[in-house]
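Counting convention: from 1, in listed order, for ligands and their atoms alike. Small disclaimer: the values here were computed from a predicted structure and weren't measured. Counting begins at 1 with the first residue of the sequence.
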Amino acid sequence: MHAPSPEMAQAAAILASGGLVAFPTETVYGLGADAENPAAVARIYAAKGRPQDHPVIMHLAPDADLAYWASEIPPEAQQLAAAFWPGPLTLILKRAANIPDAVSGGQDTVGLRCPSHPVAIALLQAFKGGQGGIAAPSANKFGHVSPTTAEHVRDEFGADGTVALVLDGGQSQVGIESTIVDLSRLDTHGPVLLRPGHISAEAIAAVIDRLPAAPDAQAPRASGTLASHYAPHTPVAMQDTATVRATLAALALAGKKVALIHYSDLDGAAAALRLPAAPDGFAHALYAALRAMDARQADLILVEAPPQDGQWLGVNDRLRRAAHGSVGLVHGLLNANAV
Ligand code: TXA
Ligand code: MG
């Protein structure tokens, strides 16, 4: 392995001294800290405004020793890591005794992932000679839209010095957060899909011969699974294509400003962004689109609901949470004018 670049050496030094470094991954940008330094991890929670009992994902270099981080590594974990790492998959495993409580939000599990973005890999290799772990949630304020560019990260945290360095690796390819599979309770619950993503349940089943189940009541908590999450400041509503047409017409008559995110042929919105009509392309562009439409100062961000099929599961999951609480929103906007 060759010597790290000066920027990567600086980033690794910041992490080693307990500071925060934001870095690109193929899913979204992460806000990183030394996973084994509880004070550094506490800084992530403070910067994000994230509740203390929400665990963060630990990012590892491609050749990391899983046994250092997890106390039990079932064959399914080895198979999934071999098939999908480096890549957008997080595995929940039983936590090794030497890993601080603080990074796992007090849970007896750890979330591990080896990202594929070359800048993330270079950072992981520069930090503690590739033997460290970087704890990193998405680099956004708690509950807000995840960042997919370095500029998004700077928009979230400003120049107040909380984040010592933002590494720029261009726009994240995947665009939505990693798929999370819980393998910590295989004997009682089997594999459980905690968060859908680019790597589908079917792709996982093709490797381990078992389709991961939907989360049960005892499944480990995950903040990304809260009803309301990934949300812009402007209210978001999601409707099927025909309803979007009717809503656009009605809200235009009522003098309301609508910012539209769509993939079909639709017009009549004050601002609109048309995304690719396929799940990977839509996911890639989604968070940047939500941020751009949020900046238009509209009364409503209206999203054309994607198809319900399995390939769209990750996108639909994020949109449902971004639009949480939007029931009655369109009626409210119309009735406000009906006095
Ligand atoms: O794609 C991703 O996973 C991105 C990039 C930066 O890698 N990270 C990310 O982190 O989405 P965050 O913190 O925004 O979401 C991590 C999710 C949370 O819902 C968290 O609760 C869950 O992973 N998680 C982490 N460790 C866990 C654990 N031990 N048990 C259950 N859930 C866990
Ligand atoms: Mg997040």
Side-chain angles (χ1 to χ4, degrees), residues 20-33 35 41 44-45 47-60 69-71 84-96 99-117 119-121 123-124 133-148 152-153 156 166-167 169 172-185 189 192-199 215-216 218-231 283 287 314 317-318 321-322:
L20 302 184
V21 173
F23 62 98
T25 84
E26 71 281 18
T27 58
V28 300
Y29 276 64
L31 183 60
V41 174
I44 297 179
Y45 284 85
K48 283 189 61 115
R50 180 176 181 139
Q52 292 293 332
D53 61 348
H54 288 243
V56 297
I57 293 174
M58 271 168 272
H59 297 68
L60 308 176
W69 302 95
S71 63
F84 297 116
W85 283 359
L89 177 70
T90 297
L91 300 177
I92 308 296
L93 300 174
K94 291 219 166 73
R95 173 163 58 101
I99 304 305
D101 229 51
V103 297
S104 54
Q107 305 200 34
D108 59 358
T109 52
V110 278
L112 301 176
R113 145 164 150 78
C114 170
S116 65
H117 194 294
V119 172
I121 292 181
L123 178 63
L124 284 159
I134 301 179
S138 50
N140 53 276
K141 292 282 166 61
F142 184 68
H144 194 223
V145 182
S146 300
T148 51
H152 294 163
V153 178
E156 288 287 322
V166 180
L167 295 172
S172 295
Q173 187 58 38
V174 174
I176 57 172
E177 301 80 357
S178 61
T179 303
I180 305 182
V181 182
D182 176 25
L183 298 176
S184 70
R185 305 171 304 147
H189 292 78
V192 173
L193 185 69
L194 295 184
R195 183 172 71 185
H198 176 72
I199 295 177
D216 51 277
Q218 289 80 43
R221 296 179 309 269
S223 57
T225 63
L226 293 176
S228 170
H229 215 72
Y230 314 115
Y287 287 151
D317 170 74
R318 303 313 188 279
R321 295 177 207 286

Nearest heavy-atom neighbours spanning Ala22 and Val153
CB-CG1, 3.7 Å
Show which atoms of ligand 1 fall inside a sub-4.0 Å distance from at least one heavy-atom site of Ile92.
27 (C), 28 (C), 30 (N), 31 (C), 32 (N), 33 (C)
Using distance alone, decide if ligand 1 has a nitrogen or oxygen within less than 3.5 Å of any nitrogen or oxygen in Tyr29.
no
Would you say the side chains of Ser138 and Glu177 form a donor-acceptor pair under 3.5 Å?
no
Using a strict 4.0 Å cut-off to heavy atoms of Gly111, name the atoms of ligand 1 that fall inside it.
26 (N), 29 (N)
Shortest non-hydrogen contact from Leu60 to Gly133?
CD2-CA, 4.0 Å
Could you say whether the N/O atoms of Ser104 and ligand 1 ever approach to under 3.5 Å?
no
Please compare Gly30, Ala219, Ser138, Ser184 and report which has the shortest non-hydrogen distance to atom 9 (C) of ligand 1.
Ser138
Going by the closest heavy atom to atom 13 (O) of ligand 1, which one wins out of Arg50, Glu26, Arg95?
Arg50
Side chains of Asp216 and Arg185: does their closest heavy-atom pair fall under 4.5 Å?
yes
Between Glu177 and ligand 1, find which residue part has any heavy-atom pair under 4.0 Å and reply side chain, backbone, both or neither.
both
Side-chain heavy atoms of His117 within contact of Pro86, under 4.5 Å:
no
Determine whether Ser178 and Ile57 make a side-chain contact, defined as any pair of heavy atoms from C-beta on separated by less than 4.5 Å.
yes
State the atoms of ligand 1, each with its element, that fall below the 4.0 Å cut-off from a heavy-atom position in Val110.
29 (N)
Would you please classify the geometry between the Tyr230 ring and the Tyr287 ring as parallel, tilted or perpendicular, with 30° and 60° separating the classes?
parallel
Below 4.0 Å, non-hydrogen atoms only: which portion of Ile180 touches ligand 1? Side chain, backbone, both or neither.
side chain
Heavy-atom proximity to atom 12 (P) of ligand 1 ranks first, among Pro137, Ala120, Cys114, for Pro137
Ser178 neighbourhood, listing ligand 1 atoms whose heavy-atom distance to it stays under 4.0 Å
1 (O), 2 (C), 3 (O)
Would Thr109 count as being in polar contact with ligand 1, using the rule that some N or O on each side must be under 3.5 angstrom apart?
yes
Is there a donor-acceptor contact under 3.5 Å linking the side chains of Thr27 and Arg113?
yes
Between Thr25 and ligand 1, is there a nitrogen or oxygen pair with a distance under 3.5 Å?
no
May I ask whether Arg113 places a heavy atom under 4.0 Å from ligand 1?
yes
His59 heavy atoms within 4.0 Å reach ligand 1 at atoms 5 (C), 6 (C), 7 (O)
Taking N, O or S atoms only and a limit of 2.8 Å, check whether Ser138 reaches the Mg ion (ligand 2).
yes
Does the side chain of Gln107 come within less than 4.5 Å of Ile92's, by heavy atoms?
no
Flag side-chain contact, heavy atom, 4.5 Å: Trp85 against Leu91:
yes
